[in-house]
Amino acid sequence: SSKSNQSTNHEEKQGTATTSNNSNNKEARIKALHTKLTTTFNINATLLSTASLTSITSTSGYNPSFGKSAIKAYQSYLKASALSSTTEDVEKASIRTARQIDFLIK
């Protein structure tokens with residue numbers, strides 16, 4: 001019985017560590033994307049993030065200053081970062097997505 005309790009505790013700790021790592025990974029990916037958008041392409045990442053959230057939570061639709069496609073690309077990046085447990089290079093993924101968003105805004 002003691003051995004099964006130790007096993008269960010170990011599994012719970014592993015699950016917590018994985019959740020924490022995924023959360024940290026997501027935060028790192030978002031920070032990297034926002035940095036690339038702001039510094040490389042002079043795009044206001046805070047406004048894009050707000051526009052993305054508004055498009056999901058309201059019926060007002062997509063922000064015309066960014067456009068539906070750019071907001072969808074941003075949302076896809078966020079969704080991928082939430083689901084991703086792989087160790088994809090954050091820098092490469094963020095610059096690729098920032099370039100795509102920049103292109104779609106123009």
Exercise. If you take all heavy atoms of Ile101 and Ala73, which pair is closest and at what distance?
Worked result: CG1-CB, 4.0 Å

Exercise. From Ser69 OG over to Ile105 CD1, what is the distance, rounded to the nearest 0.5 angstrom?
Worked result: 10.5 Å

Exercise. Is Tyr77 reachable from Leu47 through a run of hydrophobic residues whose side-chain heavy atoms are each under 4.5 Å from the next?
Worked result: yes

Exercise. Looking only at heavy atoms, which two atoms of Ser60 and Thr54 are closest? And how far apart?
Worked result: OG-CG2, 3.7 Å

Exercise. When hydrophobic residues are tied together by side-chain contacts of less than 4.5 Å, even through go-betweens, does Leu104 share a cluster with Leu78?
Worked result: no

Problem set entry | Step-by-step side chain to side chain contact (heavy atoms under 4.5 Å, CB included) determination, Ser55 to Lys68 | CA-CA 9 Å; Ser55 72; Lys68 183 177 182 176; over 6 Å; no

Problem set entry | Partner set under side chain to side chain contact (heavy atoms under 4.5 Å, CB included) for Phe41, not counting sequence neighbours | Ile43, Ile95, Ala98, Arg99, Asp102

Exercise. What's the verdict on side chain to side chain contact (heavy atoms under 4.5 Å, CB included) for Asn63 and Ile71, showing C-alpha distance, side-chain angles and the deciding distance?
Worked result: CA-CA 8 Å; Asn63 184 324; Ile71 292 172; 4.2 Å; yes

Problem set entry | Between CG on residue Leu37 and CG on residue Asn42, distance to nearest 0.5 Å | 10.5 Å

For this session: Of all the heavy-atom pairs spanning Val90 and Ala28, show the shortest one and how long it is.
Result: CG1-O, 3.9 Å

Exercise. What is the distance from atom CD1 of Ile30 to atom OH of Tyr74, rounded to the nearest 0.5 Å?
Worked result: 6.0 Å

For this session: Please assess His34 against Ser94 for the test side chain to side chain contact (heavy atoms under 4.5 Å, CB included), listing each intermediate value before the final yes or no.
Result: CA-CA 8 Å; His34 283 208; Ser94 63; over 6 Å; no

For this session: Taking Gln75 for its side chain and Ser52 for its backbone only, find out whether a donor-acceptor pair lies under 3.5 Å.
Result: yes

For this session: Mind checking the NZ-NZ spacing from Lys72 to Lys79? Nearest 0.5 Å is all I need.
Result: 9.5 Å

For this session: For the pair Thr38 and Asn44, evaluate side chain to side chain contact (heavy atoms under 4.5 Å, CB included) and give the outcome as yes or no after the intermediate values.
Result: CA-CA 6 Å; Thr38 304; Asn44 188 327; over 6 Å; no

